[in-house]
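One structure is given below, encoded as structure tokens.
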Amino acid sequence: MESKMSNNSAGATQPARKYVPPHLRAQERSPSVPPAVGASSPMPGAFTRTPSNSSFAGRPSKPPSSLPPRTRRPDGYGKWLDGIHIPAPRNERLELDLFGEPGDPFKQSTGINFDKYADIPVEAKGHNVPEPIIEFTNPPIDPHLLENIKFARYTTPTPVQKYSVPIIGQGCDLMACAQTGSGKTGGFLFPILSECFKNGPVQTPPANPSKYSTKVYPTALILAPTRELVNQIHEEAKKFAYRSWVKPAVVYGGAPSGEQMRQLDRGCDLLSAAPGRLCDFIDRGKISLANVKYLVLDEADRMLDMGFEPQIRRIVQGCDMPSVEDRQTLLFSATFPREIQLLAGDFLKNEIFLSVGRVGSTSENITQTVEWAEDFEKKSVLLDILEGHMEPESNNRTLIFVETKRMADILCDFLLQNNLRATAIHGDRDQREREYALNTFKMGYNPLMVATAVAARGLDIPHVSLVVNYDLPSDIDDYVHRIGRTGRAGNTGHAISFFNQNNLNIVRGLVEILREAKQEIPIFLEQSLQQASVFGGRGRGRGGSRGRGMSSRGGGSGFGSPFRRTASSWDSPSNSTSFSHDSPAYWIQKS
DNA sequence: AAAAAAT
């Protein structure tokens with residue numbers, strides 16, 4: 001922000017500076033080495049100033065006939081011509097949009113523990129595992145990507161990136177497991193874009209000029225389980241594809257498909273998509289997967305579990321997607337239950353298995369506590385916690401997870417009635433409401449957000465210093481992802497979970513996670529652990545599912561009935577009626 | 001039992 005101030009004041013004293021309309025700014029020559037974005041103090045207004053001796057002023061009045069007249073605003077994307085990558089000129093406004101200013105308070109910045117990532121043990125198994133990279137450097141990373149990485153102010157690759165870049169670069173399939181907030185998105189975007197920049201587009205069938213709307217043939221397809229996550233990946237893709245020939249596009253439900261259609265018409269080389277809308281566009285002949293070279297499943301375990309698997313199979317095996325042999329498949333997640341790892345084999349060939357730390361463990365940057373709270377007292381305990389945590393002028397955000405959409409609304413209303421700035425996100429809200437909730441939360445206008453599972457995975461929201469599990473999930477992997485909304489990129493964070501008799505189904509996994517992360521384990525959890533084991537509680541997720549690296553733990557098949565019991569079926573009667581205590585009349589939204 | 005994902 002300081003540089004912006006000096007920029008403005010310097011600009012005011014510069015009589016030579018003229019306004020240049022946005023569509024002409026791109027004509028300016030750019031220096032070959034980019035200064036840090038926004039760090040323009042040595043040369044204020046470098047991109048908008050038009051000195052009289054510039055190439056612009058001396059340009060012939062008529063453009064060379066080989067160039068078609070410009071018909072639309074430059075979009076910041078370059079070309080691939082005769083085997084050569086021709087990046088678009090730089091564009092100051094676009095750079096500010098994409099990368100923000102240095103020290104932008106709304107951006108995630110790496111935290112004090114970033115360097116500790118180097119201490120996490122990494123396991124890479126498979127044939128011909130290449131040496132990891134150590135830094136972002138030209139071989140092997142394409143120089144254009146290096147420039148964009150610099151713009152984004154990424155200085156050091158995270159462990160998953162150090163390995164994924166050479167692995168994907170040498171053409172291998174990959175199953176990568178790395179902790180929440182440890183840079184998985186870069187882990188697939190960097191190598192994919194780097195290779196794309198080096199190799200150019202795959203040959204695309206000629207467009208049919210008679211058709212009003214053309215079919216698009218993305219080179220890379222990235223699938224993710226929620227619309228917001230898909231959108232977030234797309235935003236990252238835009239950063240790292242800046243000025244290149246690779247045009248990112250995004251496709252998901254709940255938003256007008258016409259707009260997405262027009263966006264696709266402007267070009268689509270790297271597509272981020274939610275499964276439903278993608279299928280829709282494939283059916284309508286708008287998207288072909290015939291040219292896909294890279295297929296990414298982000299949150300891969302989620303994408304391959306019961307709810308999504310049929311859709312994914314349809315996209316991967318039932319459309320015109322190249323076969324396993326003819327594409328590269330990349331699976332990323334922080335958790336990977338063993339039976340899903342097995343299932344994933346259908347989509348991979350000769351994959352390299354990469355794990356950073358233990359599969360499914362949590363970051364030690366997150367301080368985890370568990371508090372005993374009966375359902376009826378959760379609301380007041382929450383208020384106490386928030387009072388202690390949300391100092392007025394702090395930049396903190398708190399994310400509160402509940403199990404049901406209805407409870408998300410109820411709790412949000414409760415917080416609002418207590419004069420707290422809260423919002424809610426869940427699948428029953430329309431997409432505009434969801435995006436509004438997420439944006440106001442990100443901006444800090446609403447520093448509290450109540451959420452269902454829709455916000456549990458992947459979302460990278462700066463300044464979430466506290467995650468509250470108002471209701472604990474029944475699956476330990478969900479717990480891992482939820483608390484992973486804090487303590488990202490080397491920042492520290494807190495997670496507080498409300499625990500009571502209804503949560504015995506997660507106690508084993510929870511204790512295991514807390515132990516691994518060297519967290520304190522309350523006495524009541526130890527006791528509940530014994531209680532739960534009487535009922536044969538299976539602990540970690542579905543059947544002790546976590547891989548220990550590549551090495552199988554053998555034994556436990558974990559294919560019993562997935563839900564042998566539910567909390568209510570063995571609850572004491574007094575607890576099963578707790579709902580009526582939970583919601584005194586004045587808290588309930590009468591329907 | 002719940003949530004998510006197409007209209």
Side-chain angles (χ1 to χ4, degrees), chain A residues 221-233 250-261 264 271-287 297-316 318-319 333 335 340 375 399-411 424-431 433-435 437-438 450-459 469-479 481-482 502-506 541-542 561-571 575-576 578-579:
Chain A
L221 173 64
I222 300 159
L223 297 171
T226 66
R227 297 164 183 173
E228 286 75 14
L229 181 52
V230 165
N231 205 15
Q232 176 182 298
I233 294 166
V250 66
V251 141
Y252 56 82
S257 59
E259 272 170 43
Q260 292 180 0
M261 204 77 105
L264 292 173
L271 179 64
S272 306
R277 181 58 67 82
L278 175 63
C279 285
D280 184 27
F281 276 178
I282 291 173
D283 292 344
R284 287 151 74 174
K286 184 65 198 169
I287 295 174
L297 301 188
D298 197 12
E299 307 296 344
D301 56 333
R302 178 76 185 85
M303 300 306 280
L304 295 176
D305 86 4
M306 288 193 320
F308 273 113
E309 197 222 352
Q311 266 180 311
I312 300 303
R313 264 188 206 283
R314 224 200 107 197
I315 293 166
V316 179
C319 298
S333 185
T335 56
I340 308 264
D375 286 343
L399 186 52
I400 302 158
F401 282 104
V402 295
E403 272 296 271
T404 65
K405 295 180 273 202
R406 191 166 151 269
M407 186 48 113
D409 284 332
I410 292 173
L411 193 56
I425 189 167
H426 60 72
D428 272 355
R429 306 199 76 191
D430 69 40
Q431 195 55 28
E433 293 173 319
R434 282 166 62 159
E435 269 155 33
L438 186 55
V450 186
T452 59
V454 72
R457 281 174 175 261
L459 297 185
N469 280 308
Y470 187 89
D471 301 317
L472 272 165
S474 50
D475 185 322
I476 190 61
D477 287 343
D478 293 341
Y479 172 86
H481 286 279
R482 282 179 178 193
N502 298 328
N503 305 115
L504 288 179
N505 51 7
I506 201 183
R542 297 149 292 239
S561 136
F563 303 103
R564 233 172 34 206
R565 53 182 169 66
T566 60
S568 56
S569 68
W570 43 261
D571 257 350
N575 274 314
S576 59
S578 64
F579 193 74

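Chain naming here is simple, since letters A, B, ... match the order of the sequence lines and numbering starts at 1 in each.
- Side-chain contact annotation: A/Thr335 with A/Asp301, donor-acceptor N/O pair under 3.5 Å present.
- Atom OH of A/Tyr479 is separated from atom P of B/dA3 by 21 Å (rounded to the nearest Å).
- When heavy atoms are screened at a 4.0 angstrom cut-off, A/Gly253 is found touching the sugar-phosphate backbone but no base atom.
- Remark: P of B/dA2 and CG of A/Asp475 are 16 Å apart, rounded to the nearest angstrom.
- The side chain of A/Arg277 lies closest to B/dT7, out of B/dT7, B/dA5, B/dA4.
- Counting only heavy atoms from C-beta on, A/Arg227 has its side chain closest to B/dA6 among B/dA6, B/dA4, B/dA2.
- If you check B/dA6, B/dA4, B/dA5 against the side chain of A/Asp283, the one that comes closest is B/dA6.
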A/Ser257 vs A/Arg277, side-chain contact (heavy atoms from CB on, under 4.5 Å): CA-CA, chis, key distance, verdict: CA-CA 8 Å; A/Ser257 59; A/Arg277 181 58 67 82; 3.4 Å; yes

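- If you take CG of A/Asp478 and P of B/dA4, they are 12 Å apart, rounded to a whole angstrom.
- Using a 4.0 Å cut-off, no side-chain N or O of A/Arg457 falls inside it from OP1 or OP2 of B/dA3.
- At the heavy-atom level, A/Arg434 lies under 4.0 Å from the strands shown only through sugar-phosphate atoms.
- The pair A/Asp471-A/Arg482 fails the salt-bridge criterion, with no side-chain N (NZ, NE, NH1 or NH2) lying under 4.0 Å from an Asp/Glu carboxylate O.
- Side chain of A/Thr226, nearest nucleotide from B/dT7, B/dA1, B/dA4: B/dA4.
- Counting distance only, with no hydrogens placed and no angle test, the side-chain atoms of A/Arg302 and the base atoms of B/dA4 include a donor-acceptor pair under 3.5 Å.
- Considering only side-chain N and O atoms, A/Thr452 lies under 4.0 angstrom from the phosphate OP1 or OP2 of B/dA4.
- Computed from coordinates, the A/Met306 CE to B/dA3 C1' distance equals 11 Å when rounded to whole Å.
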